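As structure tokens, the structure follows; a few thoughts come after it.
If you read the sequence from its start, that first residue is 1, and numbering goes on from there. Keep in mind that what you see is a predicted model, and the values were worked out from it rather than measured. We use all heavy atoms of the structure for the numbers below, so side chains are in, but hydrogens, waters and symmetry mates are not.
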Amino acid sequence: MTGTPRTLAEELRTRTDRGLVGLLRARPDLLNPVPGDVTQLATRAGTRASVVRAVERLDRFVLQTAEALAVAPDPCPYDTLGALMGGDAGDPAVAAELPRAVAELRAQALVWGPDERLRLVRTARELLTPSAAHPSPTGLGPTVAEAMAGMSPGLLQEIIAAAGLPTTHDPVTAVAALTALFSDRDRMAALLDTAPAESVAVLDKLLWGPPYGGVTDRPAPHLQWLLDRGLLIPAGARNVVLPREVALHLRGGRAHHTPEPVPPALSPATERGPQLVDNAAASQAFTALATVEELLKEWDLGGPAVLRAGGMSVRDLKRTATALDTTEQLAAFWLELAYAAGLIASDGEADERFAATPAAEEWLQLPDHARWAALAAGWLAATRAPGIVGTADAKGRALAALGPHLDRSPAPEVRRRALGLLATLPPGSAVPATAVLARLQWERPLRGGAPAAGQAPAAGDGAGAAPGPDPADDLRSRLAHWTLTEAELLGVTGRGALSTPGRTLIDTASDSAAPTPAETTAAATRAAALLAPLLPEPVDHVLLQADLTAVAPGPLRRPLAEALGVLADIESKGGATVYRFTPGSVRRALDAGRSAAELQEFLATHSRTPVPQPLGYLIDDVARKHGQLRIGAAAAYVRCDDDALLSEILADRRAAGLRLRRLAPTVLAAQTSPDQLLDGLRAMGYAPAAESAAGDVLIARADSYRTPPRTAPAPVPDGPPSPDPTLLAAAVRAIRAGDLAATAERKPVHAPAPAPGALPRTTSAETLATMQAAVLTNSALWIGYVNADGAASQRVIAPVRVEGGFVTAYDHTSDEVRTYPLHRITGVAELADDSV
């Protein structure tokens, strides 16, 4: 195709396959379904939903360029655009970056045409052009022609006369003359030199927007001077507007107050030793593993109930936070982290409650670095945002932890980008969170909501620039802030800097912001391998002390930790865990089936210090009393060989609620359940043991409660997935082939030519004869075809064989040999010799 493209479709036809692939990769929503030809592609690229999505993904300078094009003449020469972006004085940084911005807009099919005639696609212009209802970030108002539309011809002539222009014979030439005056720097400067100082002050207040102001029924003289000359134009009963041409003159030709061609620097940077950062990250990673493990232990017998609307109640969240010794907000993060990794879920029963999943058992048996990899991979890909727990939804209801409305689809992209920015710094370097947030705001200024418009001030009062969005209220900024906090908690960063495992975590083979789950898991596994040497080695011993405590000098091996957790209570955590032995904890171990001799041997084996005498006495004393009383089911009974002890119990006032009576010298009966009787006697200071119907002691080892098999929650995608290279190549081939079928030149036929885009129409006899002739001459044909579902399409085929009511042909559209029923072919036409 030669000459200047007249439409976006014509320009897309001139692009190389690589150019079309770039467009489809940048805007994957155009691929579903694959466009039938270039015209369909161009039409879809101009739809409002697709344009809005594309505009939201522009960085600040590219967006500013698009906004400048929206207020520029259509079409706009490149030099005019450069003047709008850099001003009359020019800006070297803007001049250097403007070609990149225009190329980006072209690549995404938001701008088309040569440099002499740049055109913003119509939908984008509608979105970005300033209006009273939708102010532009440029702060510019309507043009003189737009603001004066509908103004009486007489008033128009009065305005141009007051501005020192000769009167005209019609409104069109009057508006053109006034526009030319306001666009002429010299004449406009001369006019403003005659303005009262108060009038200039009013223009200064409206200069950077909002351009609208209020006036009274009787404007002050300095306002009337502006209205008389069209420097302010009425915009309603009591409103005025500053015309775009006037504002551009006062601004020195600049469309934006502060063009931002260069992203904000990640500074100031704090340098730390990479090894120091890695050690801090490893310490926090170990703490994260211990916290999730403690959560699973807390829910070992089942977690809290699921609310009717889904999620946990506030009371249960507070209870979990107390158990984890943390705040409710951090407890929500640990809950969501375990949920994203598939370690906890709801059980799905009638009385639904949360519990650990079978996958949690497998996770607990993994090495520490492998367990961290599972948590890191789940966190990085999750779309759930724990930071919004406790905030109100659209209906004013508080969002619950583990609830159904916590998904925020931009979360994975923001996490990767925030960590990616830290990865651009030298190893060990950290920057303030505000620097990261500022860079993300520059890269995606419209993600999470368009800038809020300011209220129109009174023209006689102060008027400044329209306030932009508060970064604290922007979703992407909040997600980035949470990312930096959560990365520190998880050990991806240490002391604010990205750790070596953290760099590997975000290093995937895919260039996409959304790598596949397999790529994320593989990267997490590589990162875990780097973390493994940094984690403390599990120890197999403790240090027993005379004050009935044991100190674990490091993380204990799992069997030792589980056994010691039954025999003693955890008193404090940290680098060294302190366990305390109490009568209750020893009795718990005896209830689990261990004898006093086994407990003494266990401690002697795993202690680097001798078993202290007080601890040995405690174990023997509790064991001597343990099981002396036996509880069974009658309603319930107490059996003891020492009848004096039973007499003592009967005489104790605290036993009144158990309603005991003696059946025999060694047996008491109770009108309560065995469990209540056990608890009652233990509260009185005794150490009874439950027994079975056969008289054997029952071992009270609690069974773990697990949900049925559950998969981790699937992330909610942020729009269509990024297409892979194979799909992109196939889509471009299909679009090219479909375009060939729609635009190829046909030889004239006797039947009337079909309208553009319509299917060819020929009789059955003509279709068959043309097909047979094409087989003999090995030529290509243009056909209309209706499939079994009734969908019509145009195709270019090269017939190979015609027999039995079918034609076998090479289909240029699908790039394969196919067979078509002749009765489904609506018509056929020969192509010109140079069409294929």
For a quick test of reading the model, state the closest non-hydrogen atom pair linking A423 to R503 and the distance between them.
O-NH1, 2.8 Å
Would you mind reporting whether V71 and P130 have side-chain heavy atoms less than 4.5 Å apart?
yes
N/O donor-acceptor pairs under 3.5 Å from side chains in residues 270-280, not counting sequence neighbours:
from : atom 1 : to   : atom 2 : distance (Å)
E271 : OE1    : S429 : OG     : 2.7
E271 : OE2    : S429 : OG     : 3.1
R272 : NH1    : R495 : O      : 2.8
Q275 : NE2    : N279 : OD1    : 3.1
D278 : OD1    : T500 : N      : 2.9
D278 : OD1    : T500 : OG1    : 3.3
D278 : OD2    : T500 : OG1    : 2.8
N279 : ND2    : Q275 : O      : 3.3

Nearest-0.5 Å distance that lies between atom CG in L489 and atom CG in L375:
12.5 Å
Should R526 and L530 count as side-chain neighbours, where that means a heavy-atom distance under 4.5 Å?
no
May I ask you to test the R478-L475 pair for a side-chain heavy-atom distance under 4.5 Å?
yes
L140 vs R251 side-chain heavy atoms within contact, under 4.5 Å
yes
For the backbone of A340 and the side chain of W379, can you confirm whether one donor and one acceptor N or O come within less than 3.5 Å of each other?
no
Can you list the steps and then say if M85 with L69 is a side-chain contact (heavy atoms from CB on, under 4.5 Å)?
CA-CA 10 Å; M85 294 299 297; L69 281 170; over 6 Å; no
L98 and G82: which non-hydrogen atoms are nearest, and at how many Å?
CD2-CA, 3.6 Å
Flag the pair V436 / L440 as yes when at least one side-chain heavy-atom distance between them is below 4.5 Å, and no otherwise.
yes
Would you check if there is a donor-acceptor pair between the side chains of E298 and T320 at a distance under 3.5 Å?
no
So do S409 and P717 actually touch side chain to side chain, heavy atoms under 4.5 Å?
no
Audit row: W363, L296, side-chain contact (heavy atoms from CB on, under 4.5 Å) steps and yes/no:
CA-CA 11 Å; W363 182 80; L296 297 177; 3.8 Å; yes
With a 4.0 Å cut-off on N to O distance, would you call E443 and R60 a salt bridge?
no
What one should report as the nearest heavy-atom pair of E260 and W442 is O-NE1, 3.0 Å
When rounded to the nearest 0.5 angstrom, what is the spacing between CG in L484 and CG in L422?
6.0 Å
Show, in sequence, the C-alpha distance, side-chain angles and deciding distance for E486 and L490, and conclude whether the side-chain contact (heavy atoms from CB on, under 4.5 Å) test is met.
CA-CA 6 Å; E486 293 165 3; L490 192 53; over 6 Å; no
To the nearest 0.5 Å, atom CD1 of I506 lies from atom CZ of R417 at 9.0 Å
Smallest separation among heavy atoms of A107 and L23, with atom names
O-CD1, 3.5 Å
Minimum side-chain heavy-atom gap R25-V21 below 4.5 Å:
yes
Any sub-3.5 Å donor-acceptor pair from R27's side-chain atoms to A54's backbone N or O?
no
Which distance, rounded to the nearest 0.5 Å, do you find between the CG of L289 and the CZ of R371?
5.0 Å
Please check: side-chain N/O of S499 versus main-chain N/O of V492, any donor-acceptor pairing under 3.5 Å?
yes
Is the side chain of E571 donor-acceptor paired with the backbone N or O of V578 at a distance under 3.5 Å, no angle test?
no
Test item: R557 side-chain N/O and D540 main-chain N/O as donor-acceptor pair under 3.5 Å
no
Determine whether more than 12 heavy atoms belonging to other residues, nucleotides or ligands lie under 6.0 Å from atom NE2 of H369.
yes
Report yes or no: does T424 contribute a side-chain atom to a donor-acceptor pair with the main-chain N or O of L421 at less than 3.5 Å?
yes
Looking just at side-chain N and O atoms, do Q108 and E104 make a donor-acceptor pair shorter than 3.5 Å?
yes
Could you tell me which residues satisfy side chain to side chain donor-acceptor pair (under 3.5 Å) with D88, sequence neighbours excluded, listed by chain and number?
R185
Using modelled atom types and a 3.5 Å cut-off, is there a donor and acceptor pairing between side-chain atoms of S267 and backbone atoms of A269?
no
Answer yes or no: is there a donor N or O on one side and an acceptor on the other, between the side chain of E336 and the main chain of L402, under 3.5 Å?
yes
Strictly below 4.0 Å, N to O, side chains only: are E56 and R53 in salt-bridge contact?
no
With sequence neighbours excluded, what pairs up with H257 under the ring-ring contact (aromatic ring centres under 6.0 Å, His included) test?
W208
Flag the pair R408 and E413 as a salt bridge only when some basic side-chain nitrogen lies within less than 4.0 angstrom of an acidic carboxylate oxygen.
no
With a 4.5 Å cut-off on side-chain heavy atoms, are L58 and L105 touching?
yes
Between CG of L419 and CG of D507, what distance do you get to the nearest 0.5 Å?
12.5 Å
First locate atom CG of D79, then atom CG of D115, and finally report the distance between them rounded to the nearest 0.5 Å.
9.0 Å
Do you know which two heavy atoms are closest between R415 and R384, and how far apart they sit?
NH2-O, 3.1 Å
Write down the atom of L266, the atom of V431, and the distance for their closest heavy-atom approach.
O-CG1, 3.5 Å
Is R100 salt-bridged to D59, cutoff N-O under 4.0 Å?
yes
side-chain contact (heavy atoms from CB on, under 4.5 Å) partner of R710, the single match among I344, L343, T357:
T357
Between T493 and E488, does any side-chain donor sit less than 3.5 Å from a side-chain acceptor?
yes
For side-chain contact (heavy atoms from CB on, under 4.5 Å), just list the numbers for F333 and T485, CA-CA rounded to whole Å, side-chain angles, deciding distance to a tenth of an Å, and then say yes or no.
CA-CA 10 Å; F333 166 69; T485 302; over 6 Å; no
